[in-house]
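Below is one structure, written out as structure tokens; comments come after it.
Counting starts at 1 for both ligands and their atoms, in listed order.
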Amino acid sequence: MPNSSLDATATKTVAFDLPSYLNRHTKSVNSALDHFLPKATAKPQTIHKAMRYSLFAGGKRMRPVLCIAAAEACGGDVNDALPLACAVECIHTYSLIHDDLPAMDDDDYRRGRLTSHKVFGEGIAILAGDALLTQAFEIVARSKVRKRYAHQDLIIELAQASGSLQLIAGQVADLEGEGRKTSTNQLRYIHERKTSALLCCSARLGGMSADCSLSQLKALTDFGYHVGLAFQVIDDILDVTQTSEQLGKTAGKDTAAQKATYPSIVGLEKSKRIAENLTKRAFAALKPLRGKATALKSLADFLLKRDR
Ligand code: GRG
């Protein structure tokens, strides 16, 4: 039975000019990241070149844009959200560098170019990931805070999302699950931690930069959680439906590594329906934010329909 309020939300989404929104904010994020990171000429040059190589390799910048859109949805200023948006992108890029290492997924391509360890060697790739992780916390510690949330709150937020109970827990469960029979519950556990936690954290940090109320924070948490899960279900689908050229990374890796994914457990069609339902739940979570959540809605719709 179609839900008419969700249909109305989807119609509004179409009117929003998301490509120019993404373009504008991607530029601000890139220039802020350039400002926050040590120059490529700073000694030792190898590590700063390696950090910048992965960070400026053409990632989609979905987490930082989500952070900015969440801030705007709570009446905040983009400039207050930018440092937090950059910190999340540094953590995300570190996790990709480490995930691609021979000891983990052993991938040669990421973001359309050779992976860090292929270009700089394993030692420097590990250190580039470590340095980006550390850089993220420095950026947050130096950011301007408003009334309701102190630096401590922001740092705890980022540490929890990227720590051993969330991002790293997801990666551990993913590594340990390879080649084993996995239930949908276990798969959801992995997706919640490996992917949804950081997307949810991006939305929450955006709200916190705008001094959001507790009910706004709750709405952003619910939204980020569902968008994050939908994002990973779509990622699982794209791994089997797209080519390596389209994705900018090796396609079909999940199947080759005998990894449990939504398509491998429930099939492609059901996976698409699951992603659509998660996105509807994300739309519904935005109700308390009323008219200000247009960019967030449009972003969730874009993430559902993305092809890379
Ligand atoms: C190594 C600590 C550690 C964690 C690794 C992020 C991660 C956990 C693994 C990377 C592989 C993977 C499938 C992660 C799930 C999250 C995800 C879909 C990452 C890719 O995000 P995109 O599509 O990438 O936003 P870009 O390059 O566009 O930023």
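Of the candidates Arg193, Lys259, Gln232, the one placing a heavy atom closest to atom 15 (C) of ligand 1 is Gln232. When Arg111, Arg61, Gln166, His92 are checked for heavy-atom proximity to atom 24 (O) of ligand 1, His92 turns out nearest. Of the listed options Met62, Arg63, Gln171, Gln171 places a heavy atom closest to atom 5 (C) of ligand 1.
Closest approach of Tyr94 and Gly129 over heavy atoms only: CB-O, 3.2 Å. Listed here is the closest heavy atom pair of Ser143 and Val140: OG-O, 2.7 Å. Across all their heavy atoms, Ala203 and Leu220 have their closest contact at O-CD1, 3.5 Å. Listed here is the closest heavy atom pair of Leu127 and Ile47: C-CD1, 3.5 Å. Closest approach of Thr93 and Leu55 over heavy atoms only: OG1-CD1, 3.3 Å.
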* To do: Before giving the answer on salt bridge (charged side-chain N to carboxylate O under 4.0 Å, His left out), spell out for Arg24 and Asp17 the whole-Å C-alpha distance, their side-chain angles and the decisive distance to 0.1 Å.
  => CA-CA 11 Å; Arg24 182 157 43 96; Asp17 185 2; over 6 Å; no

* Begin from the C-alpha positions of Asp239 and Lys253 and carry the test salt bridge (charged side-chain N to carboxylate O under 4.0 Å, His left out) through to its verdict. => CA-CA 7 Å; Asp239 186 66; Lys253 278 287 282 198; over 6 Å; no

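Ranking the protein heavy atoms by distance from atom 2 (C) of ligand 1 puts Tyr94 OH, 3.3 Å first. Ranking protein heavy atoms by distance to atom 6 (C) of ligand 1, first place goes to Ser95 OG, 3.1 Å. Here the protein heavy atom with the shortest distance to atom 13 (C) of ligand 1 is Asp235 OD2, 3.7 Å. Ranking the protein heavy atoms by distance from atom 22 (P) of ligand 1 puts Lys60 NZ, 3.4 Å first. The protein heavy-atom contact nearest to atom 10 (C) of ligand 1 is Asp99 OD2, 3.1 Å. Protein heavy atom in closest approach to atom 14 (C) of ligand 1: Lys194 CE, 3.7 Å.
Per-residue contacts place Thr195 under 4.0 angstrom from the following atoms of ligand 1 (heavy atoms of the residue considered): 15 (C), 16 (C). Applying the 4.0 Å criterion to heavy atoms of His98 picks out, from ligand 1, the atoms 1 (C).
Between Arg110 and ligand 1, a contact under 3.5 Å exists for no N or O pair.
The aromatic rings of Tyr53 and Phe120 sit perpendicular, their planes meeting at an angle over 60°, well past the 30° parallel limit.
Of the charged side-chain nitrogens involved, none lies within less than 4.0 Å of a carboxylate oxygen, so that Arg281 and Asp222 do not count as a salt-bridged pair.
Using a 4.0 Å cut-off between heavy atoms, Asp174 makes no contact with ligand 1 at all.
Look at Lys249 and you'll find every heavy atom at least 4.0 Å from all atoms of ligand 1.
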